[in-house]
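Index from 1, following the sequence.
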Amino acid sequence: MGLSVQNLWLIPLLPLVAAAIGALTPRTGRTLAAGAAILAMSFSFLLSCGALVTALANPATHATSNFAWFDLGMGALRLGWLLDPLTAFMCVMVTFVGTLIFIFSTGYMHEDANAKQFFCFLSLFASAMLGVIVANSLLLLFVSWELVGLASYLLIGFWFHKPEAAGAAKKAFITTRIGDLGLLLGMLWLYDSTGSLLFYDGGHGVLEAGALSALTAHTALGGFALSTIIGLLIFCGAVGKSGQFPLHVWLPDAMEGPTPVSALIHAATMVAAGVFLIARVYPLMSADQALAHVPFHALTVVAFIGAITALMGALIAVAQNDIKRILAFSTVSQLGYMMLAIGVGSWVAAIFHLLTHAFFKALLFLGAGSVIHAAHHEQDIRSLGGLRSHMKVTFATFAIGMMALAGVPFLFSGFWSKEGILHAAHEWDVSRVPLLFGLAAVVLTAFYMTRLVAETFFGKARSHASEHAHESPASMTLPLVVLAVCAIALGFLGTPAFPWLQAKLLGETEVLGHSLLAGSGLMMLSVVLVALGLGTGWAIYGRVTREKSTSPDPLAARFPGVIAFLGARMKFDELYAATVFKLNAATATFADVLDRFVWDGAVRFLARLGEFAGVVNREADEDGLNAGFDAGSESLRGTGKAYSRAQTGDAHGYLRIIAIGFVVLVLIMMLGGNR
């Protein structure tokens, strides 16, 4: 039974309800919060399967359900849901892997006093990620995108009493916001240019022919098409969220969160959001491909950033000793592969690798969590060793995940998805650099994963924790087994002989495969490179295992400077501290000085000037106008009083005054006449 696009909103709603239940549950109600989270994700998985059935019935159709959110000017701002094979496959993957991670968390977080809150945050995270996937509007996607960032901040810093966890949470939040600023600017520019943010809208969406033609026809800065500039701004958001160079620095530090968080963030959800976003807007990213006059195309930037990230992540992983950090830099590298695939024109290969990677990387992180749980939170592979005999299920499933990631042929899913990327890079006629970087990363991936397995599971126990380790409970090992099966089986949905998954993503009803021997030269080269990486790793770390945790690393003893440089993550953090951070500090200091001594001084001067003007006004008013007016009034009042005293009302008195006046007047006239 299918799920219609009108009901697609139920998929993210259920985990959101579970998050609300977790938020309202008392701290002691961890069972209720965990049960609600697992039940919600399980039902969302069933609904996602129904959505997949509906999407595969007509894979070429972008089914939408749009609605007005609120009135804006003469029109309305509209949001909507989108159902196509890309949406459906992503929903199935996120809900399925998420459910297994939730189940694993019940065992891993069993002794944590804040486990109730943990499941609340997990549910919020899953709901936000599913919102990103089902959105038919870049605005709705952006809202969910930011909620993913908020939830990741809460989860990475879940153990906030540890300064490292609190710092890692802030680092992840701030770094991804840098990329999100570009995404926001691209979204605003796109709305200003098209008047819409809907992906598909009956021919009027931003990913449909009319809008794309207008965006490519308009030339903006530097001779670039407007579609190129907007596409690159949107890509900035993906660079931050998917840990691409140069905004990759947050992702390894996210390991400070509980291991299920690492599995959820680095496997199926947050880091995959950037790849999904670029795959979703691929028509916009590729719209400038037919333009020969532009300096470079948007996808060219994506290809080179992906290639650099793939090689850089693999190189740094070689020199790491923390089991989770090795897997974290491996994630950086694999995400680089996915971006490389999109850049060379094969978003389908990128999504295929995203799906396979979600399963085997979740398996590896949960396997690492099982090791850490059993070894009393010891994460340094130099202090482990000998766990193969103590943790047989964890070892077997972890080995399957390791071989899938390394691309061991022909049984494991990672081999087929990675081959699709390498073949797409081989056919790209712009440059051979992405292919060469990808092939180099193949050797390095097989090498560092062999080192990880050899140091962790082989040899003898090198610490009290590893010596007394025991297998994890069934709530933790059962998800490992299920993921291990998927890490093998999923690859057969996309082999060159039967590329069913790729065909459905492209909207094709007929699956057209070809012989496995097609492109066999590159495939054989890849097989040789995998064998070289595995063999070299085993020769250095497996054939003669470490005796003590303090024993020198064979590779570090041979190349101390190089390994120290890679172990310090190529000193990107130090570089940013010496440049960006100092520039930011200098800017903040300048702003502080400007605020204190310029703007504040100007405000104080104006305030004093106002006070002076008030004093002058008061003095002029009180001592000048008021005093003069008061004196004149007083004089007039005195004159009036004197005059009023002369007005006695006595008629005899008045006659005497007249007579006296008359006599005086006669005397004056007589004296005048005598002269």
Side-chain angles (χ1 to χ4, degrees), residues 168 242-256 259 262-263 265-267 271 306-340 353 357 360-365 367-368 371-372 379-382 384 398-399 401-408 414 418 421 437-457 529-530 532-538 540-542 553-556 558-559 561-573:
S242 289
Q244 299 295 287
F245 169 84
L247 298 181
H248 64 282
V249 291
W250 70 269
L251 198 150
D253 290 325
M255 296 297 97
E256 296 297 337
T259 300
S262 304
I265 289 178
H266 292 77
V271 295
I308 292 170
T309 305
L311 181 57
M312 179 195 65
L315 283 169
I316 297 176
V318 168
Q320 301 302 307
N321 296 309
D322 186 298
I323 186 172
K324 289 170 65 176
R325 289 190 185 275
I326 295 173
L327 297 178
F329 279 107
S330 169
T331 300
V332 171
S333 179
Q334 298 306 305
L335 291 168
Y337 268 114
M338 299 173 205
M339 288 298 185
L340 187 160
H353 194 56
H357 176 265
F360 63 69
K361 185 53 67 68
L363 169 60
L364 289 169
F365 269 113
V371 168
I372 294 168
Q379 297 183 198
D380 193 326
I381 60 174
R382 294 170 297 185
L384 295 173
F398 195 92
M402 168 264 180
M403 288 185 281
L405 174 58
V408 174
K418 194 175 294 185
I421 295 174
F437 280 23
L439 290 172
V442 167
V443 181
L444 293 169
T445 303
F447 176 82
Y448 67 69
M449 287 308 298
T450 304
R451 171 179 178 260
L452 172 58
V453 170
E455 292 270 55
T456 303
F457 293 98
L529 293 177
V530 170
L532 177 63
L534 294 174
T536 305
W538 184 257
I540 296 176
Y541 294 99
D553 185 283
L555 206 59
R558 185 74 178 271
F559 308 102
V562 175
I563 297 303
F565 176 67
L566 297 178
R569 313 180 196 181
M570 294 187 176
K571 296 190 179 294
F572 274 102
D573 289 296

* Of Ile540, Leu452, Leu532, the residue whose pairing with Phe447 passes side chain to side chain contact (heavy atoms under 4.5 Å, CB included) ->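 Between Phe447 and the candidates, side chain to side chain contact (heavy atoms under 4.5 Å, CB included) is satisfied uniquely by Ile540.
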* To do: Report the C-alpha distance between Tyr448 and Ser330 in whole Å, list the side-chain angles of each, state the deciding distance to 0.1 Å, and finish with yes or no for side-chain hydrogen bond (donor to acceptor under 3.5 Å, both in side chains).
  => CA-CA 9 Å; Tyr448 67 69; Ser330 169; 3.1 Å; yes
Considering only heavy atoms from C-beta outward, does the side chain of [X] approach that of [Y] to under 4.5 Å?
X      : Y      : answer
Met312 : Phe437 : no
Val453 : Trp538 : no
Gln379 : Met255 : no
Gln334 : Lys418 : yes
Val332 : Ile316 : no
Met449 : Leu327 : yes

Heavy-atom pair with the smallest gap, counting every atom of [X] and [Y]:
X      : Y      : value
Ser333 : Ala310 : OG-O, 2.6 Å
Phe329 : Ala317 : CB-CB, 3.8 Å
Val530 : Gly407 : CG2-O, 3.6 Å
Ala263 : Ala362 : CB-O, 4.4 Å
Ala328 : Pro252 : CB-CA, 3.8 Å
Ala440 : Leu311 : CB-CD1, 3.8 Å

From [X] atom [atom1] to [Y] atom [atom2], the distance as rounded to the nearest 0.5 Å:
X      : Y      : atom1 : atom2 : answer
Leu364 : Phe398 : CG    : CZ    : 5.0 Å
Ile323 : Ile381 : CD1   : CD1   : 7.5 Å
Met339 : Ile308 : CE    : CD1   : 13.5 Å
Thr445 : Leu534 : OG1   : CG    : 10.5 Å
Leu444 : Leu566 : CG    : CG    : 9.5 Å
Tyr541 : Thr536 : OH    : OG1   : 11.0 Å

* Okay, side chain of Ser242, backbone of Val271: is any donor-acceptor separation there less than 3.5 Å? ->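 Yes; judged by distance alone, with no hydrogens or angles, the pair exists.
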* Has the side chain of Tyr337 got a donor or acceptor atom that lies under 3.5 Å from a matching backbone atom of Gly438? ->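 Checked: pair present.
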* **Partner residues of Phe572 under the ring pair (Phe, Tyr, Trp, His ring centres under 6.0 Å) criterion, sequence neighbours left out** =>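 Phe572: ring pair (Phe, Tyr, Trp, His ring centres under 6.0 Å) contacts with Phe245, His248.
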* Trace of the side-chain contact (heavy atoms from CB on, under 4.5 Å) decision for Leu335 with Gln244 -> CA-CA 7 Å; Leu335 291 168; Gln244 299 295 287; 3.4 Å; yes
* Asked: What pairs of residues pass the salt bridge (Lys or Arg N to Asp or Glu O under 4.0 Å) test when at least one of them lies in residues 441-451, not counting sequence neighbours?
  ->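 The answer is Arg451-Asp553.
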* Sort and list the pairs that fulfil salt bridge (Lys or Arg N to Asp or Glu O under 4.0 Å) and have at least one residue in residues 324-333, not counting sequence neighbours. =>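 For residues 324-333, and leaving out neighbouring residues, the salt bridge (Lys or Arg N to Asp or Glu O under 4.0 Å) pairs sorted by first residue read Asp253-Arg325, Glu256-Arg325.
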